[in-house]
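Since we're looking at a predicted model, the values are computed, not measured. Letters A, B, ... mirror the listed sequences (proteins, then strands); counts begin at 1.
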Number of protein chains: 2
Amino acid sequence: MSLPHAILTALLDEDLTGYALAKQFDVSLGFFWQASHQQIYRELKGLHSMGGVNVLEVPQHGKPDKRVYSLTNQGRQMLDSWITQSTRHRGAKDELFIKLFNVGSVPIEQVTEAVKQRQIEHVRRLELYRKIEARSYASPSTLPDRKKGVYLSLLAGIRQEQTAVTWCDDALNLLATVKP
Amino acid sequence: MSLPHAILTALLDEDLTGYALAKQFDVSLGFFWQASHQQIYRELKGLHSMGGVNVLEVPQHGKPDKRVYSLTNQGRQMLDSWITQSTRHRGAKDELFIKLFNVGSVPIEQVTEAVKQRQIEHVRRLELYRKIEARSYASPSTLPDRKKGVYLSLLAGIRQEQTAVTWCDDALNLLATVKP
DNA sequence: AATTTTTATGCAAATAGTTGCATATAAAAC
DNA sequence: GTTTTATATGCAACTATTTGCATAAAAATT
């Protein structure tokens with residue numbers, strides 16, 4: 001139930017079209033809550049009918065009209081009261097661990113391969129996060145308040161990926177001792 | 001799309017009723033893929049109609065009849081071919097980070113409180129995992145193959161929680177520097 | 001003796017999320 | 001010159017997940 005709030009959060013800094021929001025979700029905010037453009041368009045409609053956002057229709061020639069959304073005072077209040085509510089932790093759902101539970105009953109190569117693939121993903125994300133850190137968050141202590149939360153999210157991402165990469169190494173070592 | 005496979009995995013070791021499966025999902029397997037009993041009953045029906053599981057109806061007096069499910073050869077093959085398929089990584093969805101993106105725009109106390117609450121959860125899970133580790137996985141090197149994957153999952157859980165607890169500390173320190 | 005928990009199953013409705021399709025133009029790359 | 005990428009929106013169908021309800025009895029607790 002947080003997609004609307006994620007959208008409102010993205011609109012804190014700047015007014016955006018659904019398209020631009022979808023792109024924002026592919027980076028930054030989307031590292032912690034991804035959504036497809038279809039979902040975003042649907043939610044924007046919902047938020048508009050609830051008064052959380054305003055729309056400015058910008059006519060364009062040829063292309064469909066642009067609809068630029070901005071946060072309303074009511075939208076701000078929605079965010080505010082949502083943040084007060086208890087954060088519900090969605091138990092992580094990870095297929096990889098189910099696969100690991102099959103070790104000893106299915107051919108080991110497939111599981112090993114899955115861990116290797118996963119490690120590549122973690123390494124990729126870690127590199128991306130580190131790049132963002134170096135570019136925009138090199139000196140955390142001098143950050144303006146507005147950026148501190150974003151930095152902390154990035155820091156969580158970096159540490160999670162680092163932990164995962166190390167675990168993959170250890171997992172591959174132990175899996176190497178499993179008889180086929 | 002992995003709930004059926006999680007169920008099949010749980011049936012590798014022992015035959016179980018839907019009820020018992022739901023309880024299994026509250027521990028062990030469920031640390032990485034939780035499901036409600038309603039979901040499980042529905043999936044079991046689906047798996048049965050697809051031939052992945054057998055049912056043994058055990059009549060009981062008073063209570064509804066027990067339906068004990070067991071893995072079929074076809075079920076084993078379903079698991080086997082699923083493990084070969086690429087593991088899809090669900091981008092983590094975490095409300096807490098959305099809340100962090102609001103730092104600087106909403107009262108800071110609420111965000112701080114959310115992080116504190118989260119830390120309590122992580123500590124609780126970490127303690128639970130460590131207890132399981134001490135009880136059943138104290139010497140990983142002597143584990144039978146069948147248990148190695150389960151141990152690796154537990155290890156991932158422990159490290160994830162440890163990383164998260166540490167991050168919460170650092171986050172609380174930085175959030176303490178944010179002006180209200 | 002009364003209440004709560006555990007065992008055991010399941011339907012129905014609502015919410016959330018994914019996938020496939022559909023349209024239409026401009027700009028950039030090959 | 002043709003293909004791909006980017007801009008810009010959205011419906012419809014499907015799949016997945018959650019929440020609320022309903023039943024019913026044994027066992028454990030207060």
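- Taking atom CG of residue A/Leu21 and atom C1' of nucleotide D/dG10, one finds them 15 Å apart after rounding to whole Å.
- No side-chain donor-acceptor contact under 3.5 Å links A/Glu113 to the backbone of B/Thr84.
- Among all heavy-atom pairs drawn from B/Ala6 and A/Ile98, the shortest one is CB-CD1, 3.6 Å.
- Between A/Asp169 and A/Gln119, the side chains place a donor N or O and an acceptor N or O closer than 3.5 Å (distance only, hydrogens not considered).
- Between A/Lys23 and D/dA6 there is no side-chain polar atom (N or O) within less than 4.0 angstrom of OP1 or OP2.
- Between the P atom of C/dC11 and the OH atom of B/Tyr41 lies a distance of 11 Å, rounded to the nearest Å.
- When the P atom of C/dA8 is taken as reference, atom CG of B/Asp15 falls 14 Å away, rounded to whole Å.
- Between A/Asp170 and B/Arg159 there is a salt bridge, since at least one side-chain N of the basic residue sits less than 4.0 Å from a carboxylate O of the acidic one.
- If you measure from atom NZ of A/Lys66 to atom P of C/dA26, you get 15 Å, rounded to the nearest angstrom.
- Taking 4.0 angstrom as the limit, A/Thr17 places a side-chain polar atom (N or O) nearer than this to OP1 or OP2 of D/dT9.
- Among A/Glu161, A/Gln160, A/Glu127, A/Gln162, the one residue that satisfies the side-chain hydrogen bond (donor to acceptor under 3.5 Å, both in side chains) test with A/His122 is A/Glu161.
- Atoms CD (B/Gln24) and C1' (C/dT7) sit 16 Å apart, rounded to a whole Å.
- Counting heavy atoms of neighbouring residues, nucleotides and ligands inside a 6.0 Å radius, atom NZ of A/Lys147 does not exceed 12 of them.
- Taking the ring centroids of A/Tyr129 and A/Phe31, they lie under the 6.0 Å cut-off.
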Listed pairs, N/O of protein and of nucleotides 15-22 of chain D, under 3.5 Å:
unit_1	atom_1	unit_2	atom_2	d
D/dT18	OP2	B/Gln39	OE1	3.4
D/dT18	O4	B/Arg42	NH2	3.0
D/dG20	O6	B/Gln38	NE2	2.9

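- At D/dC11, one or more side-chain N or O atoms of A/Lys45 fall inside 4.0 Å of OP1 or OP2 (strictly under the cut-off).
- Computed from coordinates, the B/Leu44 CG to C/dC11 C1' distance equals 16 Å when rounded to whole Å.
- Terminal axes of the helix from C/dA1-D/dT30 to C/dC30-D/dG1 (five pairs each, C1' rotation axis) are separated by 50°, to the nearest 10°.
- To the nearest angstrom, C1' of D/dA8 lies 13 Å from CD1 of A/Ile40.
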Apply the test ring pair (Phe, Tyr, Trp, His ring centres under 6.0 Å) to residues A/Tyr151 and B/Trp167: give CA-CA distance (whole Å), side-chain angles for both, the deciding distance (0.1 Å), then the verdict.
CA-CA 12 Å; A/Tyr151 165 72; B/Trp167 174 85; over 10 Å; no
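- The existence of a salt bridge linking B/Lys23 and B/Asp26 is excluded, since no basic side-chain nitrogen approaches an acidic carboxylate oxygen closer than 4.0 Å.
- As a whole-Å value, the separation of B/Glu57 CD from C/dT9 C1' is 11 Å.
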